[in-house]
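Here is the structure we will look at.
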2 protein chains.
Amino acid sequence: MLAKPLAAPLFSISAVERDTGLSKDTLRVWERRYGFPLPGRDANGERVYTAEQVEKLRAIKKLIDRGQRPGKLIGLSLEELRERSLAADAIAVDAGAAGESGLAEAVELVKAHHVDALRQMLRQAMVQQGLASFMLETAAPLNGMVGDAWMRGDLEVFEEHLYTEVMQGVLRSAIAGIPAQGRTPRIVLTTLPNEQHALGLLMAEGMFAMEGATCISLGTQTPVWDIVLAAAAQRADVVALSVSVAFPANVATDALADLRAKLPAAAELWVGGSNPGPQRRPVGGALVLRKLEDIPGAVARWRQAHAPSTAAAGDAAPSLRRFRARI
Amino acid sequence: MLAKPLAAPLFSISAVERDTGLSKDTLRVWERRYGFPLPGRDANGERVYTAEQVEKLRAIKKLIDRGQRPGKLIGLSLEELRERSLAADAIAVDAGAAGESGLAEAVELVKAHHVDALRQMLRQAMVQQGLASFMLETAAPLNGMVGDAWMRGDLEVFEEHLYTEVMQGVLRSAIAGIPAQGRTPRIVLTTLPNEQHALGLLMAEGMFAMEGATCISLGTQTPVWDIVLAAAAQRADVVALSVSVAFPANVATDALADLRAKLPAAAELWVGGSNPGPQRRPVGGALVLRKLEDIPGAVARWRQAHAPSTAAAGDAAPSLRRFRARI
DNA sequence: CATAAGTAATTGTCCAGGACAAATGGTTGA
DNA sequence: TCAACCATTTGTCCTGGACAATTACTTATG
């Protein structure tokens, strides 16, 4: 349609919506109310955002997701926003400092684009630590560090892609090596539509597989209705969703409530990932797994509750009730 | 937000957007133009859709995704819409009869949701045939059949997801097993933004790896600008893109021209996949690889043209000129 | 002094209805 | 058979108003 004249990438309003998680309506109303962002217009009178604007919007969104308010943030410069981010990250930074175990080195490899070295390092770490602690102590924190670095603008998009691809390869081949035990629960795994982050899902699959559960992964981005169909077709005991920070929290909450309502009552809904939505306001009837470490316990609990000797199929054992706050 | 009165489940416009994949704007404009759906209004004057309306919308959307047009569909009843779905399936049976090589059987496994059986069958086929012919004779045609079946509505979205996930696992572990030879050309692989089809990309990666080329995959959906950055950072000799049928042809053509203009002249641009755009109107300066089978030849040609003894770095050898129609 | 209740400001989503470009379908001429 | 043209269809974007849900602040009360 239009050949871009040069290296200044511009964004349409829908591109910005996709990149920031802020709805078109919100973007327009901010412009009206706060005077930011003030995009240019193309020949057709449609909004055209610059990369800087998008970056600032992303920084603002990140802080909003942590509970701060738009009105107070919009006036700040990108630097001031980053400061606030870092202040809020204080805890995360601590964790980063604690990671003396070569994690920082791995991030450096990403920045230096040493793909092979990174892959080798990760494989080696996995062999040394075993899959379980590799995921818990290496993959999960590394994901967090890479995600933070990307948020901070420390990493280019393609560098994050490189990392994701390498880590995905390492995790997938590891998971493929876990012997299928075919035990219950049967777990259908996926992410919500527009949620592209596959690594959280893969790690969850790995954890479940190590517990001997039967995993059926649908990959990323399954429409709610198809999750329901898949759960029925696979006679799933559990539907497990991974929801990343990047995903709009309120959309997640709504979609989860919707999904819960459509799933058969006998199927449980487990939600993992770093998204603040489900963590702050748990959806009724969904079990929130804050960390990968919670997975073995959840599986054990499920098995205890569904032990063939004690409970008949269909009614949840009392011990589980605590974890399912009905609306 | 709103507690549902159990008897008649009603849907807000955002719930319908989630469930059907039709945007709020589209829902409103259909109402204005076609008089369907005509939702009720709540106390606040906001649209309230019934479950029947949502179901019909979903049926319509499914047919639209297969290429039918809204205007022709909206007048039909739910039963008539279902008929059309089934009518399209009739052809599917024919096509199924053609595949004698066990491929039809694989598709049946997908429809029956026998994930484990499918995985086992694919792995076995790969061991028997070897990676090369597995990809050419099994994976590639199977992809086509699954894609066709999905287009026809023969497969649900989640069934296509299941297939993709299983095949991806099989291919990835196979590719991981190819010893890295580290030879030239260095190839950066990815897909364009909004192009989610990962299987074509993986198969291309496998083919390249078997030729001993150095593959750096960015995964799917890399923005054009980041492809350029990645190519520079990796000192790529070739950028290889996979563009599926599902991808809008003209968008592909534009994006490719854009990419070609931004890439350094020394880097070649190779385009594969089943998309008709590049095949019909080749982008200047891009080499179109119609089939996976073309890959070994392309690599061989590149090596011949860049043989260290004959040509200095930077200028393409004459034998290559034929494949690069400059604008 | 703390807590509850009420008021004010903030903020996201929805609405109407106009406009327009991209995509599609059909027609004509080479 | 193919290319070029015109008409129609269709999704997205626009403006600017409205309102309910949330959050922050103030005041009355134990």
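First the proteins, then the strands, lettered A, B, ... as listed; each starts at 1. These numbers come from the heavy atoms of this one structure, side chains and all, not from hydrogens, waters or symmetry mates. These numbers come from a predicted model, not from an experiment.
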How many Å lie between [atom1] on [X] and [atom2] on [N], as a whole number?
{"X": "A:R69", "N": "C:dT11", "atom1": "CZ", "atom2": "P", "result": "5 Å"}
{"X": "B:L73", "N": "D:dT9", "atom1": "CG", "atom2": "P", "result": "14 Å"}
{"X": "A:I74", "N": "C:dT10", "atom1": "CD1", "atom2": "P", "result": "13 Å"}
{"X": "B:Q68", "N": "D:dT10", "atom1": "CD", "atom2": "C1'", "result": "16 Å"}
{"X": "A:L27", "N": "D:dC13", "atom1": "CG", "atom2": "P", "result": "11 Å"}
{"X": "A:R47", "N": "D:dG16", "atom1": "CZ", "atom2": "C1'", "result": "11 Å"}

Worksheet entry | Earlier contact from the 5' end, DNA chain C, for B:G67 and A:K72 |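 Closer to the 5' end of DNA chain C: A:K72.
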
Discussion item. Taking the nucleotide of DNA chain C with the nearest heavy atom to each, does A:G71 or A:D25 sit closer to the 5' end?
Written reply: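 By nearest-heavy-atom nucleotide position, the 5'-most residue is A:G71.
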
Is the closest side-chain donor-acceptor distance between [X] and [Y] under 3.5 Å?
{"X": "B:S23", "Y": "B:E17", "value": "no"}
{"X": "B:E159", "Y": "B:H161", "value": "no"}
{"X": "A:E46", "Y": "A:S12", "value": "no"}

Respond yes when some side-chain nitrogen or oxygen of [X] is under 4.0 Å from OP1 or OP2 of [N], and no when none is.
{"X": "A:N44", "N": "C:dA21", "answer": "yes"}
{"X": "A:S14", "N": "D:dT12", "answer": "no"}
{"X": "B:K24", "N": "C:dT13", "answer": "no"}
{"X": "A:T26", "N": "C:dT11", "answer": "no"}

Practice prompt. Considering only NZ, NE, NH1 and NH2 on the basic side and carboxylate oxygens on the acidic side, decide whether A:R18 and A:E195 come within less than 4.0 Å.
Written response: no

Worksheet item: Is B:E79 salt-bridged to B:R84, going by a charged N under 4.0 Å from an acidic O?
Response: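 So B:E79 does not pair with B:R84 through a salt bridge.
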
Discussion item. Taking salt bridge (charged side-chain N to carboxylate O under 4.0 Å, His left out) as the definition, give me every residue that meets it alongside A:K61, ordered by chain and number, with sequence neighbours left out.
Written reply: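 Testing A:K61 for salt bridge (charged side-chain N to carboxylate O under 4.0 Å, His left out), a comparison that skips the adjacent residues, returns A:D65.
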
Item to complete: Could you list the residues that satisfy salt bridge (charged side-chain N to carboxylate O under 4.0 Å, His left out) with B:R32, not counting sequence neighbours?
Response: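 Per chain and number, B:R32 pairs via salt bridge (charged side-chain N to carboxylate O under 4.0 Å, His left out) with no residue.
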
Practice prompt. Pick base, sugar-phosphate or nothing for A:S23, based on heavy-atom distances below 4.0 Å to the nucleic acid.
Written response: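 Sugar-phosphate contact only.
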
Item to complete: With a 4.0 Å heavy-atom cut-off, tell me which residues in residues 28-42 of chain A come close to DNA chain D, sorted by residue number.
Response: A:R28, A:R32, A:R33, A:R41

